[in-house]
Amino acid sequence: MYLLAKKVKTPKLLFPFFGISFEVLGNTEAIMNKMKYYSDFSTSSGGVACGWLGPLLYYLITDAEKIEIVLQNNLEKDGLHRFIRVLVGNASIFSKVSIWRPRRKIAVPAFSPKILSEFVNVFSVQSEKLSNKLKPMAGAGNFKLWPYVNAYSLDAIMETAIGVQINAQDSQGNPILRALNESLRLSSERIFHLWLQPDWLYKFFPQYKQLLYHTKIVHDFTSEIIRKKRMDINTNIGQKPDVVQGNSETTFLDLLIRQSDLQGGYTDLELREEVLTFIIAATDTSATAMGFTLKLLGKYPEIQQRVFKELDAVFEGSDRLLHKHDLAKLQYLERVIKETLRLFPSVPFVIRKAEYDTQLNEDITLPKGAGIICSIWGVHRNPTIWGPDADCFDPDRFLPKRCKDLPACAYIPFSFGPRNCLGYKYAMMSMKTALSTLLRRYRVVGEPEAGPIPHIRVKLEVMLKAVDEYEVAIVER
Ligand code: HEM
């Protein structure tokens, strides 16, 4: 392993004996800055770099072809994901391939275009609520968007995944939202802080009790919903599912129960793990992408103006709710979201494990046991792929004629290969609905950028987030 690692460039280290362990300390902004530095280093070294995190060897890749090899062949998630298992157990998103594979098969039909299109009504109603919640902020100066978009995303996924309206948008500090956010924050804290990693040692830190406390709230809540749903289905056998307290006819939970029955049926614990997968995979990812999109539009008024022009053409000034057939017409908005996800991907790094020696090219073989960090951040800003203006915000990059020759893994905000994101279409529908609803009513005002390269301070909390929690101002249009 040591000999193979020597063939790949290593960043210059402050503490060579410990590898990069002491380099990735500090707050979540400092950690992201280090990861950006490693990504740039990898790009300037031909797309691969490596370093030791204590006794573990990690490769970091920013080259599209090499990422494609990894994401197609190395399906096992890296050991660092174990910290999140306190919350999600064996949820397929972070589980071993042997558990993930059959669960993925069960989940895929739940994301069919027909089912997703039924969810648009939920997105529309929740987006309208978001727009109303923001009314007091219009003309009132700068404020943080994060709690609003975060609560919208949770309301939308709760209603579509389990059929329950938790109304996170109605109460600041909703207990479920808080418990979810805290469990995720505490789990991700362990990834970069070596002394929090051994289970036996973690128990001596106050974070351990906090994690158990918040996790229990999330578990109790989801278990109760599942219990009620099972009862509901049992009393309505043969009838159309009905736990529908929300605006969606069918939920992911209904579909999982019915789909898994064909294969022996999920236990309640397995159902809870899978439902939590959807909730965790959907909430912060979409919220952070919406926050960055609005922040960028505040910085680039001329691009925001083009979004308004498209919205005015589609909705002709009416304040009706968005219908599913409107979504396909919002092409420019879609390009804006795509370009936002290129520069600020919600999941900036996907980490896999080499289960066997993996050859990337004639010179480089990733040794069995190594961790492989596919830097989505790095490949999205790699100038050998995107050109010298790779760091510039230019939504028209995604015009079909301009992006048709890109390599398969040049643009992978939703990852790639057999283990890619299942919720890609769901996310785009939900984000387009919410953003269009807001932008029909409000103009975002931010600090204009001096040039085409946006400068937003970012931090790494498993997901990429803005340090200022997406501070902007809005005014009524
Ligand atoms: C902007 C929004 C989103 C982004 C950027 C995003 C991105 C990702 C990424 C990078 C992965 C990891 C794939 C890997 O390990 O290679 C993933 C997995 C996953 N995502 Fe998303 N996601 C988003 C929204 C959603 C939504 C809304 C849902 C569900 C409604 C969802 C469901 C999933 C699931 C189920 C997985 C696990 C797939 C598997 O392991 O088989 N995602 N997502």
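As a basis for the values below, the full set of heavy atoms in this structure was taken, side chains included, without hydrogen atoms, waters or symmetry mates. This one's a predicted model, so the numbers in the text were calculated from it and none came from an experiment. Throughout, residue positions are numbered sequentially from 1 according to the sequence presented.
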Looking at every heavy atom in both [X] and [Y], which two are closest together, and how far apart are they?
X: L177; Y: A168; value: CD2-CB, 4.5 Å
X: R342; Y: H380; value: NH1-O, 2.7 Å
X: R397; Y: D389; value: NH2-O, 2.8 Å
X: C409; Y: I412; value: CA-CG2, 3.7 Å
X: R104; Y: P418; value: CZ-O, 3.2 Å
X: K432; Y: E334; value: NZ-OE1, 2.6 Å

Measure from the side-chain N and O atoms of [X] to the backbone N and O of [Y], and report whether any donor-acceptor pair falls under 3.5 Å.
X: E310; Y: V307; value: no
X: E469; Y: W146; value: no
X: T358; Y: A354; value: no
X: S346; Y: T285; value: yes
X: Y300; Y: P452; value: yes
X: T267; Y: E270; value: yes
X: R352; Y: I372; value: no
X: Q359; Y: I364; value: no

Looking at [Y] and [X], is there a salt bridge between them, counting it only when a charged N and a carboxylate O are closer than 4.0 Å?
X: D357; Y: K368; result: no
X: K144; Y: E471; result: yes
X: E118; Y: K324; result: no
X: D396; Y: K401; result: no
X: R335; Y: E339; result: no
X: R381; Y: D40; result: no

When rounded to the nearest 0.5 angstrom, what is the spacing between [atom1] in [X] and [atom2] in [Y]?
X: I93; Y: L276; atom1: CD1; atom2: CG; value: 11.0 Å
X: K299; Y: I456; atom1: NZ; atom2: CD1; value: 5.5 Å
X: D254; Y: I115; atom1: CG; atom2: CD1; value: 10.0 Å
X: D63; Y: E68; atom1: CG; atom2: CD; value: 10.0 Å
X: C374; Y: F416; atom1: SG; atom2: CZ; value: 11.0 Å
X: I337; Y: L341; atom1: CD1; atom2: CG; value: 7.5 Å

Residue [X] excluded, over 12 heavy atoms near [atom1] under 6.0 Å:
X: E447; atom1: CD; result: no
X: R178; atom1: CZ; result: no
X: K77; atom1: NZ; result: yes

* **Test log, rule side chain to side chain contact (heavy atoms under 4.5 Å, CB included), inputs H455 and E449** => CA-CA 8 Å; H455 296 93; E449 279 289 352; 3.3 Å; yes

* To do: Give the intermediate values and the outcome of side chain to side chain contact (heavy atoms under 4.5 Å, CB included) for residues F119 and L116.
  => CA-CA 5 Å; F119 292 159; L116 294 185; 4.0 Å; yes

Assess the side chains of [X] and [Y]: does a donor N or O sit below 3.5 Å from an acceptor N or O?
X: Y470; Y: T288; result: yes
X: T62; Y: T43; result: yes
X: Y152; Y: S430; result: yes
X: N121; Y: S124; result: no
X: Y38; Y: S375; result: no
X: Y356; Y: N74; result: no
X: Q126; Y: Q169; result: yes

* Structure fact -> Tested for salt bridge (charged side-chain N to carboxylate O under 4.0 Å, His left out) against E29, the lone hit among K459, R457, K36 is R457

If you define the side chain from C-beta out and look only at heavy atoms, does anything of [X] sit under 4.5 Å from [Y]?
X: L327; Y: L322; answer: yes
X: S286; Y: S153; answer: yes
X: F393; Y: V336; answer: yes

* Would you sort out whether I162 and T251 count as a side chain to side chain contact (heavy atoms under 4.5 Å, CB included), showing the intermediate values? => CA-CA 6 Å; I162 57 181; T251 64; 5.7 Å; no

* Asked: Ring centres of F278 and F111 under 6.0 Å apart?
  -> yes

* To do: Decide if the gap between the ring center of F94 and the ring center of F83 is smaller than 6.0 angstrom.
  => no

* Mutual orientation of the aromatic rings belonging to F398 and W386 [parallel < 30°, tilted 30-60°, perpendicular > 60°] ->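 Ring orientation of F398 relative to W386: tilted.
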
* Cation-pi between K34 and Y37: NZ/CZ under 6.0 Å from ring centre and within 45° of the ring axis? ->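 Yes.
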
* Structure fact -> side chain to side chain donor-acceptor pair (under 3.5 Å) with N150: of N174, D284, T283, only one passes, and it is D284

* Check the pair L297, L439 against side chain to side chain contact (heavy atoms under 4.5 Å, CB included), reporting the backbone distance first and the verdict last. => CA-CA 10 Å; L297 288 177; L439 292 164; 3.6 Å; yes

